[in-house]
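Taking it in order: structure first as structure tokens, then the write-up.
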Amino acid sequence: MKRLLLFILPILIIVAIVFSIFGIMQIRFTQEKLMDDLQKKAKAVDESLEFSARLILANNDLKSANRLVESFQKRERLQGCVIYDKEGNILSITERFSDWKIKEKPYLKDILINKTARGALENFKDYSVYSYIIPVIDDENNTLGMVEVIYDTSYVFTTMSDLWRRLSISLITLLVLIVLTMLLIQRRIFILPIINLTEWFQHFQKGETETAHPIKGKDELGKLASEVEQVALSLRIARKVVSEKATERLQKDELWTEAKLRDLIHARLGENALFVVSNREPYMHVIDAITGQPKCIRPASGVVTAIDPIMRACGGTWIGHGSGNADRRFVNSKDKLGVPPGDNRYILKRVWLSKEEEEGYYYGFANEGLWPLCHMTHTRPVFRESDWKMYQKVNQKFADSVLAELPAKDPFAFIQDYHFTLLAKMIKEKRPDVKIALFWHIPWPNPEVFSTCPYQKQILEGMLASDLIGFHVQSHCNNFLETANKLLESRVDTEKFSIVRFGKETFVRPFPISVDGYLNQSSQNLDLAKEIDRIKKEFELEGKIVAIGVDRIDYTKGLLERMLAVDRFIEKNPQYKNKFVFIQLAAPSRTHIKHYHDLMNEIDELVEKKNWKYSEGNWRPIIYLKKHFSPEEIMPYYALADICIVSSLHDGMNLVAKEYVASKTNLNGILILSRFTGAARELIDSVLINPYAIEEFSDAIKSAVEMPLEEKKKRMQNMRKIVSENNVYRWAGSIITELTALKKA
Ligand code: ADQ
């Protein structure tokens, strides 16, 4: 619109100025002509009146004067005529114009003295008239009197305003015609070809590659179109070559790596990139509270930790909620940006939510309803109808956003978590050809617990529109199959581990999620070593046994139980006073929810209380660092910690446990792990605990503290083997393999 105005406005201004100048000249000319005509007419009439009046004035014949005045007043537009005597007194005047008598006429004296005629516009009552006066002179040059004719001038002004009106209408019509013509011209010449080119390019992007670009001309636009076509062609060929080479490399059986996953995706998905949908975005722009400048952070989220390396390896598009307060500043016109910042490997598309939508869908239904429903922590789920409505609305919003991106052929969408139970169904309604995998990152409860959800049917139906549903562990899969069997009209195939409903088959599989990045880090790394030294100095850790906890502040993570167990351990083993320190890195999370807010206060109080209880010099048993840390900042804590404590009351997997194991390149560390995490099924060489049993938990800390180095190393070696083999690339590779195998079936 702005560009259009820039284009049309100068032309309109020039046309309007030129037209107005000519219009004003024309009006002036017409006005002068009309006044000139009026003057000539008045003069001629007055002269003929003077001729007749001469005899009458000479004889002072009042009767004839009245008759003469009477005979002249019938002339066209003549308002009145007057005969004056030689003193300037009115002798006779047109009767209907008799008010003229009372008007002051200072000019009469001059006319009598100078004996010259006078014509001028005069104001009379509330209108204007034209008066023409001639002195009546006899043959001896004596002034006998004067005659005056008075003309109505209103028709001049009526004619003028008429002319103004007609000129204005013509100007407006002209301007409108010019605007319409310009719009038509610019649409024909510029907009239409660009629309056609954009449409063609969009189709090309989505994989419809048959048609050639629509601009045939050899002008500038034609050249641009050819260039775009060349780039598109090179891209297509490059993708194909990559895909073929990837298939060759995949034949070799080796450990899952970033490169192997990239090959798999190129081989299996071919030209089509992967579409990931999650609530949490992998990169968030926020305003730094100290500097006031925007900065980019990676949110503390297991989902982000797991999927970011996959997207880095394979490219594609990740669609997530733009929740950072500076997010809008960094997207293009389609709400997209390349990430990671400075090393763009994939596209992040941000979906915007209003405060009400976020409140109802995220904080309300997802985190006060589904989250406690799926975690056995004795926290009562809250289901509000208004939250459910918002949840449906936001699922639809994400579905629309995904649909706008999907390529024409063979698209794959990978949906994350309990925020999007309805998404698969919404996408399939418009695009039944999309292959969809849904991964459920949290536990799935048993059918009795799930049946307390008022929207159980819609949720299950929504999820079963997916082709593949993944959980971390087999027991969650079993719970889900049982739930579908009991609560929905469906057939569960226990051989194939699938659910068939109205002819649509959904496969249910365990895919234990894992980590990658920390595996290749070494504490020999110079920066890491420096950072470890800095932390040791800052918190006076030299010579002390350090245990660590790294969590979002969430009631499922068993943070309070952990503090109580540390307290009990020191209580029972006072010899470790001054020798043992527990550091908790805690990222505030979902703080709008009262339960989370209260939990934060409860932890603050407990830490304060326990530290006070043992306060002895500078030593505090618990160092509580409540903030969000970047993965690079967490790394030195893992590296320096002798023990890592994961005490979740219930957890889908728990990536912190795996991150710790992966970071322990020197094998000198032990993991204390809750039995109620998915990770406990794989990391059986950890010290397993029941976080509710504080006594047993505190004893587990003691046995970890006192474990011989050889045993620690052996256990850590076993766990590292498991984590490196079952890494996040294997996790993603297995899901993609399973999903693409369904496609062929
Ligand atoms: P989460 O509940 O978020 O994940 P988890 O798997 O432990 O839990 O992942 C947390 C991630 O956040 C880790 O990568 C950790 O390093 C990071 N983190 C923790 N505290 C942090 C802090 N203070 N600052 C910055 N980062 C921090 C959900 C499920 C889990 C499942 C994952 C993945 O609840 O069961 O393992 O998804 O599927």
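This chain uses plain numbering: 1 for the first residue, then up along the sequence. Counting starts at 1 for both ligands and their atoms, following the listed order.
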*Counting heavy atoms only, which part of R552 comes closer than 4.0 Å to ligand 1: side chain, backbone, both or neither?*
both

*Which atoms of ligand 1 sit under 4.0 Å from any heavy atom of H441?*
29 (C), 30 (C), 31 (C), 33 (C), 35 (O), 37 (O), 38 (O)

*For ligand 1, is any non-hydrogen atom under 4.0 Å from V515's backbone (N, CA, C, O), its side chain (CB onward), both, or neither?*
neither

*Where's the contact between I513 and ligand 1, heavy-atom distance under 4.0 Å: side chain, backbone, both or neither?*
side chain

*When the ring centroid of F275 is compared with that of W318, is the distance short of 6.0 Å?*
no

*Report yes if the distance between the aromatic ring centroids of F471 and F439 is under 6.0 Å, otherwise no.*
no

_Counting the benzene-type ring for Trp, do W731 and F511 have ring centres under 6.0 Å apart?_
no

*Looking at the rings of Y555 and H595, which for Trp means the six-membered one, are their centres under 6.0 Å apart?*
yes

*For the ring pair F365 and Y455, is the centre-to-centre distance below 6.0 Å?*
yes

*Is it the side chain (CB and beyond), the backbone, both or neither of W371 that lies under 4.0 Å from ligand 1, heavy atoms counted?*
side chain

*K627: heavy atom below 4.0 Å from ligand 1, yes or no?*
yes

_Location of contacts on A586 toward ligand 1, heavy atoms closer than 4.0 Å_ = backbone

